[in-house]
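All values below come from the heavy atoms of this structure, side chains included, with hydrogens, waters and symmetry mates left out.
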Amino acid sequence: MILKELQISPYLLQLESLIRRVPPNHPSFENIRDMLIREQAGYYGEAQLVFPISKLDFQHDDLHNLRLQYNGHYFQLDFLLLTPRFLLIIEAKNYRDQVIFDDEFNQVLHKDKVYQDPVVQVEEQKYQLEMWLQTKGFPHIPVETVVAMTNSQTLLKTSSENSIYKEKVVTLPKLTSKIREISSRYPKPCISVSEMKWLGSQFIKEHKDYVSDIFLRTRINKSELASGVVCPNCGEIGMKIRNLRWDCSNCGFRSSDAYRTALKDFYLLIGNEITNCEFRKFTGISSSSTAKAMLRRSNFPKLGTRRYTKYKLSFNYAVDFDYLKNRNIYRSRKHIYRN
């Protein structure tokens, strides 16, 4: 049973939104583009775990992208499998081409770049999870780890014949049988099924989404963002308002509420409170009364009065940002997603 389904992270949504409002000639554009592509690859890799896990024939629950706090710091698990007998952390890696695991220095070499060792990474996650469970007073239950390489075209190599990587790193087709092998080591339950369900609910309760200060992370200034309303159909920015309807000159799409995508972009990038002035500046609307009518129509709570009025934005990361996933948008911005 999936307790916490795989969703596009707020951070990936922030990057998707930001890349549409940063000019391609901006000095930081390529860096943002690379960050976006890495996050998309990570999400795609995690999505590949769903099918192998679905083939397991023993009692278990699934949690995706679980982020917990221990000792003042957050740690994140790509995938956590819960059973009454053991817990399994699965770290997904979506490398392409050849990957070399160096067990002398605990590094991964890929395309002349050095990356963090995923085995070291997942073992640190194991320690943090064990400590988290201990500090919360949960019953002892064994924690296992595995690293799943989700790209079938990846060539895996190690720097040593007697390598831990051969035990801990598996290809995607091997993942289901590897989990069954781990399961066979634990024939007796440590907790009941009801306790497992309760533990899963506590994980979800303690989970905290990662929402970054996207401007600090990408070294972009808010003033450098392109203003305007993004077309929900083709992804081009700069829809024009005519008689309270928004028209896209690129694809001809018309909408009465396309301005909502701008509110969502503002929420992702800047914050959850917006004034009439900020809304006009962000969308390119010149009329204060028109902006006021749209903000009122959005039905967000008002804070303050008169010129001090702000609107409290609230959106659901899981369901309110489909306009950023529109495949037409990807096609319209090929310069963003080129390899």
Pair Leu63, Leu77 - check side-chain contact (heavy atoms from CB on, under 4.5 Å), show working. CA-CA 9 Å; Leu63 291 162; Leu77 313 177; over 6 Å; no

Do [X] and [Y] have side chains that approach each other closer than 4.5 Å (heavy atoms only, starting at C-beta)?
{"X": "Lys312", "Y": "Asn272", "answer": "yes"}
{"X": "Trp132", "Y": "Asn71", "answer": "no"}
{"X": "Val169", "Y": "Thr158", "answer": "no"}
{"X": "Arg85", "Y": "Ser183", "answer": "yes"}
{"X": "Leu68", "Y": "Phe75", "answer": "yes"}

Kindly check if the number of other-residue, nucleotide or ligand heavy atoms within 6.0 Å of [atom1] ([X]) is above 12?
{"X": "Lys55", "atom1": "NZ", "result": "yes"}
{"X": "Phe58", "atom1": "CZ", "result": "yes"}
{"X": "Arg296", "atom1": "CZ", "result": "no"}
{"X": "Arg219", "atom1": "CZ", "result": "no"}
{"X": "Phe138", "atom1": "CZ", "result": "yes"}
{"X": "Lys292", "atom1": "NZ", "result": "no"}

State yes or no: do [X] and [Y] share one hydrophobic cluster built from I, L, V, M, F, W and Y residues joined by side-chain heavy-atom distances below 4.5 Å, directly or via other members?
{"X": "Ile179", "Y": "Leu87", "value": "no"}
{"X": "Leu263", "Y": "Tyr311", "value": "yes"}
{"X": "Val143", "Y": "Leu199", "value": "yes"}

Between Arg260 and Phe315, is NZ or CZ placed under 6.0 angstrom from the six-membered ring centre and within 45° of the ring axis?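 Verdict for Phe315: no cation-pi partner in Arg260.
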
Heavy-atom donor-acceptor pair, [X] side chain to [Y] backbone, under 3.5 Å:
{"X": "Arg21", "Y": "Gly228", "result": "yes"}
{"X": "Arg96", "Y": "Gln153", "result": "no"}
{"X": "Thr135", "Y": "Met131", "result": "yes"}
{"X": "Asp78", "Y": "Ala92", "result": "yes"}
{"X": "Thr176", "Y": "Pro52", "result": "yes"}
{"X": "Arg67", "Y": "Asp209", "result": "yes"}
{"X": "Ser17", "Y": "Gln14", "result": "no"}
{"X": "Lys264", "Y": "Asp320", "result": "yes"}
{"X": "Ser298", "Y": "Phe300", "result": "no"}
{"X": "Thr154", "Y": "Tyr95", "result": "yes"}

Do Asp117 and Tyr165 have side-chain N/O donor and acceptor atoms under 3.5 Å apart?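 Side chains of Asp117 and Tyr165: pair found under 3.5 Å.
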
Cut-off 3.5 Å, side chains only: do Lys168 and Thr145 have a donor facing an acceptor?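 Yes, Thr145 and Lys168 have a side-chain donor paired with an acceptor closer than 3.5 Å.
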
What pair of heavy atoms forms the shortest contact from Val229 to Ala258, and how long is it?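 In this case the closest contact between Val229 and Ala258 is CG1-O, 3.3 Å.
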
Classify the ring geometry between [X] and [Y] as parallel (under 30°), tilted (30 to 60°) or perpendicular (over 60°).
{"X": "Tyr70", "Y": "Tyr127", "value": "perpendicular"}
{"X": "Trp246", "Y": "Tyr259", "value": "tilted"}
{"X": "Tyr317", "Y": "Phe321", "value": "parallel"}

Glu278 bridged to Lys281 by N-O distance under 4.0 Å: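 Not counted as a salt bridge, because no side-chain N and carboxylate O are separated by less than 4.0 Å.
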
Euclidean distance, Glu46 CD relative to Gln7 CD, rounded to 0.5 Å: 12.0 Å

Nearest 0.5 Å, please: how far is CG in Asn65 from CG in Leu80? 11.5 Å

The test is side-chain contact (heavy atoms from CB on, under 4.5 Å); show your working for Leu133 and Phe203 and say whether it passes. CA-CA 10 Å; Leu133 290 167; Phe203 281 135; 4.0 Å; yes

In sequence, state the C-alpha distance, the side-chain angles, and the governing distance for Leu18 and Met35, and then conclude on side-chain contact (heavy atoms from CB on, under 4.5 Å). CA-CA 11 Å; Leu18 181 65; Met35 293 167 71; over 6 Å; no

